[in-house]
Structures are given as structure tokens and as C-alpha cells.
Protein chains: 2
Amino acid sequence: MDLENLKQAGLKITVPRLKILHILHSGCKRHFTVDEIYQELIKQKASVGLATVYRVLAQFEACNLVSRVQLYNDQATFEAGQDRDHHDHMICIKCGKIVEFCDDIIEERQEKIAKKYGFKLKKHHMVLFCKCQNGCKNKEK
Amino acid sequence: MDLENLKQAGLKITVPRLKILHILHSGCKRHFTVDEIYQELIKQKASVGLATVYRVLAQFEACNLVSRVQLYNDQATFEAGQDRDHHDHMICIKCGKIVEFCDDIIEERQEKIAKKYGFKLKKHHMVLFCKCQNGCKNKEK
DNA sequence: ATTCTTGCAAAAGGTTTGCACGCCT
DNA sequence: AGGCGTGCAAACCTTTTGCAAGAAT
């Protein structure tokens, strides 16, 4: 349970932390920019400062309640969920829909390519930018 | 020839543009952050403003003399060379050495994965972070 | 009581823009 | 003269930090 993680990490159960946890887990959305969370807090009329959102997310990251993912070039994005297995992301450039996937063949090739050049692969970063084929009528993000 | 591109794009041949072009093509290095170029200009005692570096690189990008690549999360990076074929990057996290590569198997898998989820792949972003195996004694970047 | 948290404002770091001066034709 | 190009400073945007006041145990 999330609250256990907080306690174990020596973090107190506070209103801002609970509200942010709630946002992270409500609905089917799992990826949030800092500003998305901040705007949601404003919508809920919670008086939580932007600096607090940044601080809390960094703390959550440290105790594995969220992980930081680089989906866009300009804003930090956090992904809800604990101890997730490795995966990459596919994003619809029109509606923003995100799909997580992991492809063994690609993972294997990456290792081989690194080895071929005398490198040892430490991590990788891969995002596929796509368009949903059906039913995505939203405007470009 | 580079100067032709400039003229065709309606850009005048000026000292800052020539100096930046020269930096882009001298040596074997092909990837530069804005600041690397700016620092090199300072080292050469060229009085070129940082804003100019940004503006010139944006213009060079528009006429295909450089392309913008997202290698680090915090700083824009530009790659010298015109009309390059698609490729991805592998970076040594210790010495910063960059290798460009393109793997058909990965490219093909990316298409397939997109299709599998009902997406149409438009572009992708992939960077492998590695360690050189031999002879890389530099400190972490 | 003590330690942790927070909101606010200011600072930081990278990038862009406004503006007046300068250069070239 | 006219327009493009430039340096400088100021503005911008996201993120971080300092600090004094407030909460949690």
C-alpha cells in the first residue's frame, strides 16, 4: 500500500501527499506532467504550491511510487505505479494516448548493437510517436 | 556547398554564420550543444552573442545544414551534415563519445508494434546510453 | 518539542524576443 | 535608403532553492 511506502521512507502522511497520490491513481490515466497534476489540484481547490508538487514527486520517485519518464522534450513526466518492469512508450501525437510495451527482439538488438561497437549497454530511451488509426479525433497536442 | 544553401535560403554570408559553420565542420566531432558552440566562439575570441548562436542554428536547421537531435534532456543538440539518412544514437555516459547507427530489424519491429496497437508510426526517438569498453578513461559526463 | 512540510518568492538554467545600432548592397 | 543581421538586455518557462511559518508525531 502506498502509505506504507511513505512511512518506510520516513515521509509523513500529509494533505498534499495524499491529494497527489489520489490524482495519480484515479482514473485510467497513468502518466502525468507536473503541470497536469498542479492544474488538477487547482481544479480541486486544493491550495498546494507548485514547488510542493515538484518536491513530492521527487520524494515519490525516491520511494518508487512513481518513475520519471522522458516523453516530451519540454516537461517532466511521471508515471504512476510501483516497481514496474521495464517498458517503452508509444504516444499518439494527436490525442496523447500512451501505450506501454516491451519488445524482446528490440531489446536484444540493442544489446547486440552496443556490443558490436565495443560498448556496454546501460540503459536506453525509446519513444514511438504515432497516430491512432481509429477513433482519434482530437486535435494535435 | 554550405554557402549555396545559405544563399538559397535567402541568408546572407556573415561572419557569425561562417564561424559557426566552420566550428560545425572542423574536427571529427559532429554533435554540438548550443553552449559548446558558444564556448568555442569565445575561445576564438569571436564576439558572437549567445542569442545569435541560437538564431543561426535555427536558420541552419531550416535550410538543412544541421538537424536538431534530442540527446540529453537538458540542452538542445545539433548535428552537422546535410540531408542525412535516418539514424539513431549511442552515447558513452563516461566520455560522451557518440556513435550513429541504424538497425533495420529494430526499425521493422517498431512498425510492427505500432500496427499491432492500431497506431501508425510517424517517427521515433531512440538513444542507447552505454559505456565504452576499452580505453575510455574519462570521468562521467 | 522536535523534526518534517509547505507556500511563497526568488533564483537558476536554457531559450526566445524586443530593440536599436550596424553592415551590406 | 532599405533591409537584413547582430549584440545586449529583458522576458520566458520549467524547475530548484531559501526561508519563515505551520503541521505531524
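Just the heavy atoms: all of them, side chains too, but no hydrogens, waters or symmetry mates, feed the values below.
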K.L.:
Just how far, in rounded Å, is P of C:dT15 from OH of B:Tyr38?
P.N.:
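Interatomic distance, OH of B:Tyr38 to P of C:dT15: 13 Å.
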K.L.:
Can you confirm if the NZ or CZ of A:Lys122 lies within 45° of the ring axis of B:Phe129 and under 6.0 Å from the centre of its six-membered ring?
P.N.:
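No, a cation-pi geometry is absent between A:Lys122 and B:Phe129.
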K.L.:
Does anyone know the first and last nucleotide of DNA chain D in reach of chain A, 5' to 3', at under 4.0 angstrom to a heavy atom?
P.N.:
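On DNA chain D, the outermost contacted nucleotides are D:dT14 to D:dA24.
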K.L.:
Using the side-chain hydrogen bond (donor to acceptor under 3.5 Å, both in side chains) criterion, which residues pair with A:His22? Sequence neighbours excluded.
P.N.:
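Scan of A:His22 (side-chain hydrogen bond (donor to acceptor under 3.5 Å, both in side chains), adjacent residues dropped) gives none.
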K.L.:
Ion pair present between B:Glu40 and B:Lys19, side-chain N to carboxylate O less than 4.0 angstrom?
P.N.:
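Between B:Lys19 and B:Glu40 there is no salt bridge, as every charged N stays at least 4.0 Å from the carboxylate O atoms.
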K.L.:
Atom CD of B:Gln70 to atom C1' of C:dT15: distance rounded to whole Å?
P.N.:
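Atom-to-atom, B:Gln70 to C:dT15, this comes out as 13 Å.
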K.L.:
Using a 4.0 Å heavy-atom cut-off across all strands, classify A:Asp74 as base, sugar-phosphate, or nothing.
P.N.:
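It contacts sugar-phosphate atoms only.
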K.L.:
Quick one: side chain to side chain contact (heavy atoms under 4.5 Å, CB included) partners of B:Ile42, sequence neighbours excluded?
P.N.:
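Residues passing side chain to side chain contact (heavy atoms under 4.5 Å, CB included) with B:Ile42: B:Tyr38, B:Gln39.
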K.L.:
Give a yes or no answer on whether the side chain of B:His125 reaches the backbone of B:Gln70 with a donor-acceptor pair at less than 3.5 Å.
P.N.:
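Looks like yes, one N/O pair under 3.5 Å.
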K.L.:
Can you find a pair of side-chain heavy atoms, one from A:Asp88 and one from A:Glu100, that are under 4.5 Å apart?
P.N.:
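When only atoms from C-beta onward are counted, A:Glu100 and A:Asp88 do not touch, as no gap falls below 4.5 Å.
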K.L.:
Should B:Val48 and B:Val56 count as side-chain neighbours, where that means a heavy-atom distance under 4.5 Å?
P.N.:
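Result no, sub-4.5 Å side-chain heavy-atom pair not found.
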K.L.:
Using the ring centroid of each side chain, check whether A:His86 and A:His124 are separated by less than 6.0 Å.
P.N.:
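When the ring centroids of A:His86 and A:His124 are compared, they turn out to be within the sub-6.0 Å range.
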K.L.:
Scan residues 39-55 of chain B against DNA chain D and write down, sorted by residue number, each residue with any heavy atom closer than 4.0 Å; if none is found, say none.
P.N.:
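By residue number: B:Ser47, B:Val48, B:Gly49, B:Ala51, B:Thr52, B:Arg55.
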K.L.:
Quick one: salt bridge (charged side-chain N to carboxylate O under 4.0 Å, His left out) partners of A:Lys29, sequence neighbours excluded?
P.N.:
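By the salt bridge (charged side-chain N to carboxylate O under 4.0 Å, His left out) rule, A:Lys29 matches A:Glu36.
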K.L.:
Just how far, in rounded Å, is C1' of C:dC4 from NZ of A:Lys7?
P.N.:
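Taking atom C1' of C:dC4 as the reference, NZ of A:Lys7 is at 16 Å.
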K.L.:
Can you confirm whether A:Ile106 sits close enough to A:Met126 that some side-chain heavy atom of one is under 4.5 Å from a side-chain heavy atom of the other?
P.N.:
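SC-SC contact between A:Ile106 and A:Met126 confirmed.
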K.L.:
With the threshold set at under 4.0 Å for non-hydrogen atoms, list the residues of residues 11-20 of chain A touching DNA chain D in residue-number order.
P.N.:
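Those residues are A:Lys12.
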